[in-house]
Amino acid sequence: MSFEIVLNHTVGDCRLSVDFASQVPRIAVTGPSGVGKTTLLNCIAGLITPETGKIVIGGRVLFDSTERISIRVEQRGAGYVFQDARLFNHLRVAANLAYGERLRQAGHSGVDRERIIETLGIGSLLDRWPASLSGGEIRRVAIARAVFAHPRFLLLDEPLSSLDQERAAEILTMIEHLGTAIGIPMIYVSHQPEETARLTDTILQLAPR
Amino acid sequence: MSFEIVLNHTVGDCRLSVDFASQVPRIAVTGPSGVGKTTLLNCIAGLITPETGKIVIGGRVLFDSTERISIRVEQRGAGYVFQDARLFNHLRVAANLAYGERLRQAGHSGVDRERIIETLGIGSLLDRWPASLSGGEIRRVAIARAVFAHPRFLLLDEPLSSLDQERAAEILTMIEHLGTAIGIPMIYVSHQPEETARLTDTILQLAPR
Amino acid sequence: MITAAEWAIIQLSLKVSLVAVLGTLPVAYALAWLLARRQFPGRSLLDALVHLPLVVPPVVTGWLLLILLGRRGPIGAMLEEYLGVTLVFQWTGAAVAAAVMALPLMVRAMRLSIDAVDRRLVAAARTLGASRWYAFRTITLPLTLPGIMAGAVLGFTRSLGEFGATITFAANIPGETRTLPLAIYTGLQVPGGEGAVTRLAIISILLSLAALLVSEWLIRRSTNGRSHVV
Amino acid sequence: MITAAEWAIIQLSLKVSLVAVLGTLPVAYALAWLLARRQFPGRSLLDALVHLPLVVPPVVTGWLLLILLGRRGPIGAMLEEYLGVTLVFQWTGAAVAAAVMALPLMVRAMRLSIDAVDRRLVAAARTLGASRWYAFRTITLPLTLPGIMAGAVLGFTRSLGEFGATITFAANIPGETRTLPLAIYTGLQVPGGEGAVTRLAIISILLSLAALLVSEWLIRRSTNGRSHVV
Amino acid sequence: APTGPVILGPSSLQEALGEVADGWAAKGHSRPQLSFAGSPATARQVSAGAPADVILLADELWMDRLEIENLLAAGTRRALLGNTLVLVAPAGSNTGVADDLANLPALLGNDRLAMADPDTVPAGRYGRMALESMGLWDKLARKVAPAENVRAALALVEAGEAPFGVVYSTDLAASDKVRMAAAIPEGSQPPIRYPVAMLASSSHPDASGFLAFIASAEAEVIFARYGFTRLAER
Ligand SMILES: Nc1ncnc2c1ncn2[C@@H]1O[C@H](COP(=O)(O)OP(=O)(O)OP(=O)(O)O)[C@@H](O)[C@H]1O
Ligand SMILES: Nc1ncnc2c1ncn2[C@@H]1O[C@H](COP(=O)(O)OP(=O)(O)OP(=O)(O)O)[C@@H](O)[C@H]1O
Ligand code: MOO
Ligand SMILES: [Mg+2]
Ligand SMILES: [Mg+2]
């Protein structure tokens, strides 16, 4: 089973309750702002420990509160594109890209580095400091950094926000390719139905409660 | 004349060259990522001084390199929604909203505070610290902060990115209302043709050179 | 428990240290800000000057103060003539000595915080109508509060412990300039005075512990909830 | 220009201060990290202990070092028995005294930087496969470099100026423990010694100026381009 | 009560002078304010115009300087107290009793001889003179641990860091952690003199009275209890 996400968690006033399972390789997560989408991704990445629940991705149990299993963050193998990008400001773009790439030889490695850099249009930015990048450039570098980290699965939190439609379409194609050709499971948070529709039919709709 | 924007400026490899004038109350700015949209807004807000140029908004000359005019940032009266939000992390949401409101009694004051807070759905967040907000919540608070600052004109840098479509539509209506009913000139950066189309026909298309 | 004489020493020490730190805070902050934000000729020299009291032995600092601020010194003579202020042999002199010794520590801590301020926030404040000065007060200043607090704690504890410059500049006069460290030193000069010394040393430590706890509490209170966790 | 005797003093001072600072850096960083990030019983006490050398007069610190690290002291006896190390009357003793006095300054500066690290970046590093330790080395450590540098500069200048604890613990032995401040003090003890004192004081100041310039250059080099401007 | 005169004294006179001040106060005068620091610091404060009344130093050298600077009230300077030097060892030690000081260098071995800095601090300078007159200085010069003042030298012996130390006999009398290792022969004792004087700037009505009291027979008893000798009037 590709995805099994069962969890209960509360942050502040937000009670997140998910019970979802699916065999598809890619799912989309939608829901109004503040409903808990980012919180869900953080739980899957291991940055937040849910109160109760079970998380299985690509057949690998990442978390199970009844079995007291909780794989460590760095071993979960997420390729996480954060909503707030989180580039390392003290490293140049090239070093940001290399950060995860160097660390995990394990996961998938069928990514074509050169082609991704070209699709993302960040070839000319490699020597730059993150502080000098434009909003969309930051986003594209963040995508590359996550993809280069030999991820076992991808968590994409509105990865294409603040990108022009042409470029967004190209990148979406690339992401799609990572899913189909290389077979990386993927959770895609977006507010754009057109985007999600291209990637998957399976949508996890979070609703406030 | 509502907008007269003539300027030449270079940051890094990016040469920004604009020569634009229009009588409409609202204009949209589009162009691929990294073309200079944010740089343009920064020039208008006075955070960057263009090498040469002239900037007139709502009939008020903000900058004129030949006349050696450059109104100080705080006197330009921008209501600037930054692409990177820039909430004050050391102030609660309510204090963020009040920051500009207190400072400028001058500019437009026809804004209906309560209705805007309701439209933006941030009434329950007033007591919160920015660090605890979700991505979309941050964006909405940033919009309110700019609108509350009695702006003479608005600079909106992808204000609706990372908001769900329903809410985005409501906010767009509200922004539109600020433009039409109260008559605040507005420069709107977006990659979504549907968004810009609703606001204006006048589009300043930046192209890389 | 604590004898009346010890109380008097504690009160004097607290007075001297508090006056030294509170008086130095704005000066230290201004210097830190200058050094962090402005490029000007002589900047490195000013930096070195601020660090001077760290590098030069305290006794020499006291001696320099004596030369400059003594009644016959260029500044001291003016202070006396125009303001009627004498520093030598007065608790105010002890406060001046403590302030000078604490200054470099305070400047460094504050500068570290000022360097770390995200200027984008200041820019945002300006667009919202804040003048440079208002933006400084409402953005830069609160954001550098941890540095100010750290500087104040360092300065206060350093002032509480200041010995060499004080005894050289302000002498060791009971009730006027005999602060805790001077009393401790005085005790040490008496063979078998270790008992009194130990008591006084413990009092010093408790005072600084109290200062630390207060400052930690203030920092925690003022930065609570402000930073991102995951 | 500079006499051979002065050169010897300068070399000794540099050796003592460098060893003191380099030896203390990791300890200070570890303490700063503990105090900034961990809650544990006795945390406030540890904090107070670290600040102790600031609060207690240096001479008392030297006296405590003598009691603890002297040949008959609990730690000193062990050092001598198992490692064959004697500190008293040796330049190593002067380095230990300088290190102890510099410690609180270094810890404070580093802690300020550690507190300011954006934990979201550490979290991001972890998702990219970094262990806690690797993320610490590649994210936290470089991000706190300004604090480390500030701490090193404060510690170095403080070490260069350390007098009271050194003379009490390691004595004032020419060529072995007579560092710049002790030589300056020695000069001040004789009437008319001010000339030699001034020379030595100027040398001290130049040394610290050099340290400041180097550190500023290093900080600038390592943080260049990293921060947002508008 | 009005404040008493300000008396600046050397650290080594702390206790004795304190008791003398008590005796003066017992006569109905307001107690003098005593400030103790090293002689150089004290002398420098006076040079800088510090408002004090009476100064006592461990050392003629600095008093000479003040006299040259015309800072002393004319005719008030006199050598008040005398002291002697002894060789001390830690109380429990059995590192040999150096009856014969000549074998001190051998007894020291690789250890050091604690004394106040022989180049600068009065107690150290006196010690050096004594060792020189015994012909021992050449062998000992490189084995000295120069301390900040005589009390710090005493502390080094008390802590057992130095097997021997040269200190004032007043220090020996006051410490129970050291024992006398050897007396320094009378002929080798340097002239140790503590001068006293009133400052020219003094305006305190009690200053000359207290100066006279310091030199009185009553004060002499107190000073003697701490091991000081009263020097005869010149
Ligand atoms: N210090 C610098 N060195 C080199 N290039 C720079 C520097 N600062 C900015 N730039 C470049 O200037 C260009 C304009 O940036 P700007 O933020 O205005 O783009 P933008 O149109 O807002 O893009 P986006 O839609 O991605 O936000 C970018 O390509 C950016 O990389
Ligand atoms: N410390 C806190 N106190 C109160 N509420 C909190 C706290 N931290 C998070 N929340 C709330 O948790 C909710 C979930 O946040 P999350 O970031 O997961 O939302 P999201 O679905 O990603 O929203 P967006 O689309 O706006 O990014 C938000 O409403 C947020 O305000
Ligand atoms: O009082 Mo002294 O200066 O140690 O001889
Ligand atoms: Mg989110
Ligand atoms: Mg932009």
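Every chain is numbered from 1, with letters handed out A, B, ... down the list of sequences. Since this is a predicted model, take the numbers as computed values, not measurements.
Counted within 6.0 Å of CZ on A:R15, heavy atoms from surrounding residues, nucleotides or ligands total 12 or fewer; the atom is thus considered open. In D:R132, the CZ atom is not crowded: 12 or fewer heavy atoms of neighbouring residues, nucleotides or ligands sit closer than 6.0 Å. Within 6.0 Å of CD in A:E118 there are 12 or fewer heavy atoms belonging to other residues, nucleotides or ligands. Annotation for D:Y82: atom OH does not count as buried by contact number, only 12 or fewer foreign heavy atoms lying within 6.0 Å. No more than 12 heavy atoms of other residues, nucleotides or ligands lie within 6.0 Å of CZ in A:R72, so this atom counts as exposed by the packing criterion.
Note: D:T127 leads D:D118, D:L145, D:L143, D:T127 in heavy-atom pairs under 4.5 Å with chain A.
If you measure heavy-atom distances from A:R92 to chain D, you find no contacts under 4.5 Å at all. Contacts between D:I139 and chain A at a heavy-atom distance below 4.5 Å involve backbone atoms as well as side-chain atoms. Interface residue D:T138: backbone and side-chain heavy atoms are both found under 4.5 Å from chain A. In this structure, chain D has a heavy atom under 4.5 Å from the side chain of A:D84, while its backbone stays farther away. Interface residue D:S227: only backbone heavy atoms are found under 4.5 Å from chain A. At a 4.5 Å heavy-atom cutoff, the contact between A:L87 and chain D is made by backbone atoms alone.
Of all the heavy atoms in D:A135 and A:Y99, the pair that sits closest is CA-OH, 3.9 Å. For the pair A:L47 and D:A123, the tightest heavy-atom approach, listed with the atom from each and the gap, is CD2-CB, 3.7 Å. Taking every heavy atom of both residues into account, A:R86 and D:R120 meet most closely at NH1-O, 3.2 Å. Heavy atoms only, all atoms of each residue included: D:G129 and A:E74 are closest at C-CB, 3.5 Å.
With sequence neighbours left out, the side-chain hydrogen bond (donor to acceptor under 3.5 Å, both in side chains) criterion links A:S124 to no other residue.
A donor and an acceptor atom, one from each side chain of A:Y80 and D:R126, are nowhere located under 3.5 Å apart.
Going from atom CG of D:L121 over to atom CG of A:N89 covers 7.0 Å, rounded to the nearest 0.5 Å.
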